[in-house]
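Structure first, commentary second.
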Amino acid sequence: MISVAAELSATLGRAFAAEGLAAHFGQVTLSDRPDLCQFQCNGALAAAKAAKANPRDIAGRIAARLKEDARFSRIEIAGPGFINMDLTDAALAGFLEDRGEAPPNGKTALIDFGGYNIAKPLHVGHLRSSIIGDCLQRLYRANGWRVISDVHVGDWGLQMGQLISEIGLREIAPIYFDAAFDGPYPEVSPVTMEDLEEIYPAASAACKTDPARLELARRATVDLQDGRPGYRALWQHFVDVSQVGLSRETQSLGVSFNYWRGESSVHDLVAPMLEDLKARGFADISEGALVMPVAEDGDKKPMPPLMLVKSEGGLLYGTTDLATIIERVRDFDPDLILYVVDQRQHLHFEQVFRAARKAELTGKAVLEHAGFGTMNGPDGKPFKTRAGGVMKLYDLIAMATVQANSRLAEQGLGGDYAAEEKAEIARQVGLAAIKFADLSNHRITDYIFDLERFSKFEGKTGPYLQYAAVRIQSILRKAEAEGHDVGIPAIHSPEERALALQLLSQADVMIAAEAKRAPNILCDYAFELARKFSRFYGEHHIMSETDLALRGQRLGTCARTLAVLREILALLGIEVPERM
RNA sequence: GCGCUCGUAGCUCAGCUGGAUAGAGCAUCAGACUACGAAUCUGAGGGCCGGGAGUUCGAAUCUCUCCGAGCGCGCCA
C-alpha cells in the first residue's frame, strides 16, 4: 500500500530543493477543498515566510517544475500561494493497482493496556483501555511495527492484602495462615472467582471504614511481598482462578495480549532497583517513606516526588511501574512504550516517566501515556447500572446484543436464518456498536454512552459500516453466482473518482492515526469510505450494466472497496458478518 | 490553592504541528426506488468556534487573561 500524498510530497520536495528551499515544504495532502482540487501543497507560504519572499512567486516556480510530470492533469496557484493539483484518472487508477502491505519498520512498540485486576470482573472502566489498546496494537502491526502487548495485571498491591486478610478473618482456609505449616499447600483453590468477586468488595469496604482493618490488610500485603509461603500460595490461587475468568472475558470482547504479566512479575527486580537508586543518590527517605524527587528545573508547577516504599514497608504501583520499565527494556528493548490508561492517572505517569529518564532506565524507549476519558451515562457522570453500581462488562455486552437483536428484528432481517447464525450476527453487531462508538470519539475526551443511538443502522455507527460491507459482499456473491468477471477498478465518473481518492488515502490515514494514537481517525475514514461507496452505488447500476468491461471494472471497484473497508474495520476490532 | 483536560450547529461529536467558504451524525424540512439490500442517496435550513486581549499577511487552532465544566494533587491503584 503506497501513500499517494507521500509520493507527491517527494516530487514536490525535489522541486522545492531545486529552488534552493527545504524539501519538507513540498508536503502534499489530500485537499480539504475537494471542490477546488484533489491535492494541495501549502508549503510555498511557509517557505516564503522563511525566505522572506513572495509566496505566489515561489509557488509559480514550483508549479513550473511540475509541468512536465504527466501524472498531473492540472496544477494551479490559488489565493496567497496554495499549489492545487489534480491527477489524471489514469494516474489515479495506476496508484490503485498497488496493494502491498507496509514493510517492517524495524521498530518495537510495547503497548500496555487492559490493566485488569485480580479478583475483579471486568467493568466498563476496562472497556476503553481494552478497545483502544487493542485497536492501537492492530494498527501499529499493520503499519510495520513489532508490537508487544501486555495486559499488566494488578496483582501485587494493597488489594491482595485486603483479600488475604479477609480470607484469614473468615477462616475459610486456615492452613495458609498457619505459620508452623511447611507445605505443600493444596492444589485446589479454596476460593472460586465468584467467591473473590464477593470477598473483595467486602474487604475493601471494611478497610475504608475501619483503620485497624486497613492496618491488617497492609500487614498482609507486606508479608505477601516479603514472601510469606502461605500467603504466596494463596495468592497464586487468586491469580489462577482470576486468569481463567479474565481471559474468557477478553475473548468475548475480541481483544488479545501477547503477555499476561502482572505487577508481581517484577517483584525480584524491585529490591536491586531500590538499592541502585539509593546508591546513585536518586532516592531518599522522607517522612519514613522512600521517595524519588522528580521535580525538574524550569517546572512551573509543583511536582510531587515518586513514592517508592511506604513507611510501613509496602510497595506502591509507581514502584512496580518503574521496575516494569526495567523489565521491558531488558526483555524487548522497545522504541516506544505506550500506556493506554485512564487520563486521570496522567500525573502518575508523568512522575514515573521522569523518574525513569532521570535514572536512565529507559534504554532507547520513548515513554508515552495515551490517556483516555471516561465513558459516562446520560447524566454526564461515569456510567453506572440503574441501581447505581458498577456496570460489568459482561452485562454491557449482553445489553448490546439484546439491543442489536431487536434492531435486526425491527428491520425484518435474518428472519429465515438459523437461530445460531442470528445469535452470532447479533453478537457481532452489538460489539460493533460498542466498539465503534468508543473508538470514534476522540480518545482524550469523555463521552456519553447511549446504546440506542450507537446501535442504529443509520448514521455514523458500527452497525451501519457492517451493513455497508455486507451489502457489497451481497453484490459480489450475486455477481459470482451469475458468472460475472471481477475486473480492475477504473475511473469514469465523479463518484468513481471520489471513491478512488478515498481508497488511495488509506495509507495516510493509517499513518496519521498511528502518529496521534487516534483511532477516531480510522473511524472517520471508514465512515467516509462507506458513504462514498453508497454514492457510487446509487449512481451506477452494476449488475444490469451491458458493457461487460465496464461492469467488470465496477465490480472491481466494489471488491476493492470491500477489501479496504474490511481492513479498517479489522483494525477497529470489528467483525463483518457474511450476511445480515 | 496549584495543576491537567476540555468548552465548536437544537443534541452527540470531528477539525487544533496556524492557511482558502469551520465539518459530520442525529433531529427538522424538501426530494429520489416496477433495477444490484431505500438499513440508502440528493438538497435545504441551522454557528459572535465560551468572553476578551495579543502574535501573524492569515487564528477554532499559538500566547495571556477571565468565565464555566470534569478530573487530579507523597504513604489506593
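The chains referred to below are lettered A, B, ... by the order of the sequence lines, with proteins before strands, and numbering in each begins at 1.
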Subject >> Heavy atoms from other residues, nucleotides or ligands near CD of A:Glu480 exceed 12 (cutoff 6.0 Å) >> reply: no

Subject >> Whole-Å distance separating the CG atom of A:Leu465 from the C1' atom of B:rU40 >> reply: 13 Å

Subject >> Pair A:Tyr464 + A:Phe527: ring centers closer than 6.0 Å >> reply: yes

**OP:** For side-chain contact (heavy atoms from CB on, under 4.5 Å), just list the numbers for A:Asp438 and A:Phe449, CA-CA rounded to whole Å, side-chain angles, deciding distance to a tenth of an Å, and then say yes or no.
**Re:** CA-CA 8 Å; A:Asp438 196 281; A:Phe449 186 82; over 6 Å; no

Original post:
How long is the line joining CZ of A:Phe449 and P of B:rU12, in whole Å?
Top reply: 16 Å

Original post:
What is the distance from atom CG of A:Asp155 to atom NE2 of A:His267, rounded to the nearest 0.5 Å?
Top reply: 11.5 Å

**OP:** Take atom CE of A:Met375 and atom C1' of B:rC13, then tell me their distance rounded to the nearest Å.
**Re:** 16 Å

**OP:** Could you summarise the pairing of RNA chain B as dot-bracket text, marking Watson-Crick and G-U pairs under 3.5 Å with ( ) or [ ] inside the strand and | across strands?
**Re:** (((((((..((((.....[...)))).(((((.......))))).....(((((..]....))))))))))))....

**OP:** Indicate whether OP1 or OP2 belonging to B:rC36 is found under 4.0 Å from a side-chain N or O atom of A:Ser544.
**Re:** no

Subject >> Per-pair stack call A:His541 and B:rC36, 5.5 Å, 30° >> reply: yes

Original post:
Is the distance between the ring centroids of A:Phe353 and A:Tyr339 under 6.0 Å?
Top reply: yes

**OP:** Measure from CE on A:Met303 to P on B:rC4 and round the result to the nearest Å.
**Re:** 9 Å

Subject >> B:rA60 to B:rG18 separation - C1' atoms, rounded to the nearest Å >> reply: 10 Å

Subject >> Span that lies between the P atom of B:rA32 and that of B:rG51, in whole angstrom >> reply: 41 Å

Original post:
Separation of A:Tyr537 atom OH from B:rC36 atom C1', in whole Å?
Top reply: 5 Å

Subject >> Chi class for B:rG50: syn within 90° of 0, otherwise anti >> reply: anti

**OP:** Return the orientation label for the A:Tyr116 and A:His126 ring planes: parallel under 30°, perpendicular over 60°, tilted otherwise.
**Re:** perpendicular

Original post:
Which whole number of Å gives the distance between the C1' atom of B:rU28 and that of B:rG19?
Top reply: 34 Å

Subject >> Euclidean distance, atom CG of residue A:Asn441 to atom P of B:rC13 [Å, nearest integer] >> reply: 6 Å

Original post:
Which part of the nucleic acid does A:Val470 contact within heavy-atom distance under 4.0 Å: base, sugar-phosphate only, or nothing?
Top reply: base

**OP:** Calculate the interatomic distance between A:Ile118 atom CD1 and B:rC76 atom C1'; express it in whole Å.
**Re:** 17 Å

Subject >> Anti or syn - B:rC33, cut at 90° from 0 >> reply: syn

Subject >> Nearest-angstrom distance, P atom, B:rC48 to B:rC6 >> reply: 23 Å

Original post:
Is a side-chain donor or acceptor of A:Glu296 paired with a backbone partner of A:Arg354 at a separation under 3.5 angstrom?
Top reply: no

Original post:
Within the structure, does a side-chain N or O atom of A:Tyr464 lie under 4.0 Å from either OP1 or OP2 of B:rA38?
Top reply: no

Original post:
How would you label the contact of A:Ser534 with the nucleic acid (heavy atoms, under 4.0 Å): base, sugar-phosphate, or nothing?
Top reply: sugar-phosphate

Original post:
If you look at every strand shown and take non-hydrogen atoms under 4.0 Å, does A:Pro302 touch a base, only sugar-phosphate, or nothing?
Top reply: sugar-phosphate

**OP:** Before giving the answer on salt bridge (charged side-chain N to carboxylate O under 4.0 Å, His left out), spell out for A:Glu312 and A:Arg219 the whole-Å C-alpha distance, their side-chain angles and the decisive distance to 0.1 Å.
**Re:** CA-CA 8 Å; A:Glu312 35 75 350; A:Arg219 289 295 327 156; over 6 Å; no

**OP:** Please state the P separation for the pair B:rA69 and B:rC75 - nearest whole angstrom.
**Re:** 28 Å

Original post:
Is any side-chain N or O of A:Thr445 closer than 4.0 Å to OP1 or OP2 of B:rA14?
Top reply: yes

Original post:
Base, sugar-phosphate, or nothing for A:Glu545, non-hydrogen atoms under 4.0 angstrom?
Top reply: nothing

**OP:** Looking only at non-hydrogen atoms, find the nearest pair between A:Lys516 and A:Ile521 and report the distance.
**Re:** CD-CD1, 3.9 Å

**OP:** Verify whether one side chain among A:Gln343 and A:Arg128 offers a donor that lies under 3.5 Å from an acceptor in the other.
**Re:** no

Subject >> A:Thr445 backbone acceptor or donor facing A:His442 side chain under 3.5 Å >> reply: no

Original post:
Closest nucleotide of RNA chain B for A:Asn520 versus for A:Arg579: which of these residues is on the 5' side?
Top reply: A:Asn520

**OP:** Report which part of the nucleic acid A:Ala479 touches: base, sugar-phosphate, or nothing (heavy-atom distance under 4.0 Å, all strands).
**Re:** nothing

Subject >> Stepwise salt bridge (charged side-chain N to carboxylate O under 4.0 Å, His left out) test for A:Lys532 and A:Glu528 >> reply: CA-CA 6 Å; A:Lys532 294 216 160 88; A:Glu528 197 53 40; 3.3 Å; yes

**OP:** Ignoring hydrogens and angles, tell me if any N or O in the side chain of A:Asp485 forms a donor-acceptor pair with the backbone of A:Gly487 under 3.5 Å.
**Re:** no

**OP:** Please evaluate the base of B:rG58 for a donor-acceptor partner in the side chain of A:Lys49 within a cut-off of under 3.5 Å?
**Re:** yes

**OP:** Take atom C1' in B:rG45 and the same atom in B:rA53, then report the distance between them in whole Å.
**Re:** 34 Å

Original post:
Within the pair A:Asn54 and B:rC57, is there a side-chain N or O less than 4.0 Å away from OP1 or OP2?
Top reply: no

Subject >> Touch class at under 4.0 angstrom, heavy-atom based, for A:Arg407 against every strand present >> reply: nothing

Original post:
Any idea which of B:rC75, B:rG74, B:rC36 is nearest the A:Lys478 side chain?
Top reply: B:rC36

Original post:
Can you check the A:Glu287 CD to B:rC75 C1' distance for me, whole Å?
Top reply: 9 Å

**OP:** Flag as yes if A:His442 stacks onto the base of B:rA14 (centroids under 5.5 Å, planes under 30°), otherwise no.
**Re:** no

**OP:** Assign A:Gly154 to base, sugar-phosphate, or nothing according to its heavy-atom contacts below 4.0 angstrom with the strands shown.
**Re:** nothing

**OP:** Provide the distance between the two P atoms, one in B:rG3 and one in B:rG58, to the nearest whole Å.
**Re:** 31 Å

Original post:
Closest nucleotide of RNA chain B for A:Gln40 versus for A:Leu315: which of these residues is on the 5' side?
Top reply: A:Gln40

Original post:
Counting only side-chain N and O atoms of A:Arg471, is one of them less than 4.0 Å from OP1 or OP2 of B:rA38?
Top reply: yes

**OP:** For B:rG7 and B:rG47, measure between their C1' atoms and round to the nearest Å.
**Re:** 15 Å

Contacts under 3.5 Å, N or O only, protein and nucleotides 21-30 of chain B:
unit_1 : atom_1 : unit_2   : atom_2 : d
B:rU21 : N3     : A:Arg33  : NH2    : 3.0
B:rU21 : O4     : A:Arg33  : NH2    : 2.2
B:rU21 : O4     : A:Asp35  : OD2    : 3.2
B:rG25 : OP1    : A:Arg531 : NH1    : 3.0
B:rG25 : O2'    : A:Lys460 : N      : 3.4

